[in-house]
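To start, the structure under review is shown below, and the notes come after it.
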Amino acid sequence: MNLPAEEVSAEDFAEILAQVRRFVRSVVVPREAEIAEADRVPDELRAQAAAMGLFGYAIPQQWGGLGLNLAQDVELAMELGYTSLALRSMFGTNNGIAGQVLVGFGTDEQKERWLAPIATGEVVASFALTEPGAGSNPAGLRTTAVRDGGDWLISGQKRFITNAPVADLFVVFARTRPADAAGAGIAVFLVPADAAGVEIGAKDGKMGQEGAWTADVGFTDVRVGAAALVGGDEDVGYRAAMTSLARGRVHIAALAVGTAQRALDESVAYAATATQGGTPIGEFQLVQAMLADQQTDVLAGRALVRDTARRWVTGEDRRIAPSAAKLFCTEMAGRVADLAVQVHGGSGYMRGVAVERIYRDVRLLRLYEGTSEIQRLIVGGGLVRAARQAR
């Protein structure tokens with residue numbers, strides 16, 4: 001039975017937010033270079049994040065999480081975006097695209113079994129949707145699940161799966177039949193990482209986001225019982241993916257705003273202190289113009305994220321606005337990061353300088369959980385369909 005979600009009061013949330021801000025800016029920011037150089041988040045930072053409840057901040061309280069709604073989630077994400085994105089990536093799938101599949105579509109038994117350990121970080125859940133031939137559009141899935149008596153056999157290849165090298169549980173999307181009038185034919189399964197036939201590939205080498213690990217995952221006749229089928233319904237997969245991704249897009253938009261704010265702050269600090277011919281470069285009008293463009297973008301992104309999250313919570317718009325927010329904010333973060341490098345000049349191109357890392361890190365935001373091109377199709381197509389239905 002699903003109980004009504006407990007609300008976190010504004011007072012309690014203000015304390016949670018302040019604690020996260022202190023953790024990010026006082027503890028994590030000073031260790032960004034260490035994270036980048038080692039390509040891993042230190043174990044003690046992981047332990048601190050778990051103790052603060054960050055592995056389950058968006059999991060309902062009845063299963064041991066903090067129970068933040070999406071309007072609160074985005075405020076947290078804007079703080080987490082201020083530092084190395086690898087920190088958020090550690091617990092992002094637990095709270096987001098993987099955990100929300102269970103919260104929204106799991107059976108009571110599945111929730112009881114998995115959500116509490118997911119909320120504490122005892123279990124790292126990984127969202128296994130993307131494939132070599134199916135990225136932002138789940139309709140192209142080739143991974144299959146076929147019945148074998150009372151069990152299912154899952155076979156296929158997944159790519160770029162976040163946290164795969166450390167995952168305990170894979171939330172796996174697979175096709176049970178071709179799409180037909182009854183549905184998309186896509187189911188979602190809960191597959192333990194140690195199940196026979198699961199093979200984790202080598203850790204990917206990426207342009208940026210060092211410390212946020214991804215890898216390919218192969219499934220070869222992986223046998224799971226009927227209890228592994230999320231919701232007990234083999235047609236729930238497509239809807240679960242779309243709902244989870246739409247919510248996740250608002251979170252990613254907020255993360256982009258936080259990163260853009262950091263790039264702006266680094267730019268202003270540099271402009272105020274670096275000199276050219278004895279004059280602080282912030283006195284030059286063209287530098288001020290770049291700072292103004294950055295500030296304007298950040299303010300617009302923050303307002304859009306907050307409004308989009310509010311409309312999600314009220315149920316007013318859970319499709320077009322999330323895509324519009326992700327599109328604008330992730331593209332915006334790219335612009336702000338580019339200007340940050342420009343403000344820094346040659347220094348901004350040097351490894352070890354924050355804006356150089358940010359420039360590489362934010363590039364991924366325009367790709368995962370639906371590319372900018374997919375967001376444009378969702379927004380444009382949705383507007384046209386709505387207009388036709390209104391006729």
Side chains of [X] and [Y]: is there a donor and an acceptor less than 3.5 Å apart?
{"X": "S89", "Y": "Q209", "value": "no"}
{"X": "T176", "Y": "E234", "value": "yes"}
{"X": "T83", "Y": "E32", "value": "yes"}

Residues 384-391 side chain polar contacts: donor-acceptor under 3.5 Å, at least two apart:
none

Say whether, by atom type as modelled, one donor and one acceptor occur between the side chain of [X] and the main chain of [Y] under 3.5 angstrom.
{"X": "D317", "Y": "R311", "answer": "no"}
{"X": "R351", "Y": "E356", "answer": "no"}
{"X": "N95", "Y": "F91", "answer": "yes"}
{"X": "E79", "Y": "V20", "answer": "no"}
{"X": "Q48", "Y": "F23", "answer": "no"}
{"X": "Q110", "Y": "T107", "answer": "yes"}
{"X": "N94", "Y": "V123", "answer": "yes"}
{"X": "Q288", "Y": "G282", "answer": "yes"}
{"X": "N69", "Y": "Q72", "answer": "yes"}
{"X": "R318", "Y": "W312", "answer": "yes"}

Contacts satisfying salt bridge (charged side-chain N to carboxylate O under 4.0 Å, His left out) that involve residues 53-78 (not counting sequence neighbours) are D73-R247, E75-R306
Does [X] come within less than 4.0 Å of [Y], counting only side-chain N to carboxylate O?
{"X": "R113", "Y": "E109", "result": "no"}
{"X": "R31", "Y": "E44", "result": "yes"}
{"X": "R335", "Y": "D293", "result": "no"}
{"X": "R159", "Y": "E131", "result": "no"}
{"X": "E266", "Y": "R262", "result": "yes"}
{"X": "E373", "Y": "K326", "result": "no"}
{"X": "K158", "Y": "D216", "result": "no"}

Passes side-chain hydrogen bond (donor to acceptor under 3.5 Å, both in side chains), T220 versus E199? Steps please.
CA-CA 8 Å; T220 305; E199 183 178 358; 5.7 Å; no
Only pairs under 3.5 Å count here: list side-chain donor-acceptor contacts from residues 178-196, not counting sequence neighbours, and write none if there are none.
{"unit_1": "D180", "atom_1": "OD1", "unit_2": "R177", "atom_2": "NE", "d": "3.4"}
{"unit_1": "D180", "atom_1": "OD1", "unit_2": "R177", "atom_2": "NH2", "d": "3.1"}
{"unit_1": "D180", "atom_1": "OD1", "unit_2": "A182", "atom_2": "N", "d": "2.8"}
{"unit_1": "D180", "atom_1": "OD1", "unit_2": "G183", "atom_2": "N", "d": "3.2"}
{"unit_1": "D180", "atom_1": "OD2", "unit_2": "R177", "atom_2": "NE", "d": "2.7"}

Hey, does [Y] have a side-chain heavy atom less than 4.5 Å from the side chain of [X]?
{"X": "T259", "Y": "I358", "result": "yes"}
{"X": "R175", "Y": "T143", "result": "no"}
{"X": "Y368", "Y": "T330", "result": "no"}

- Query: Would R25 count as a cation-pi partner of Y82, with NZ or CZ less than 6.0 Å from the six-membered ring centre and within 45° of the ring normal?
  - Reply: yes
Q. Are R88 and F55 in a cation-pi setup, meaning NZ or CZ lies under 6.0 angstrom from the ring centre and within 45 degrees of the ring axis?
A. no
For G211 and V41 the tightest heavy-atom approach is O-CG2, 4.2 Å
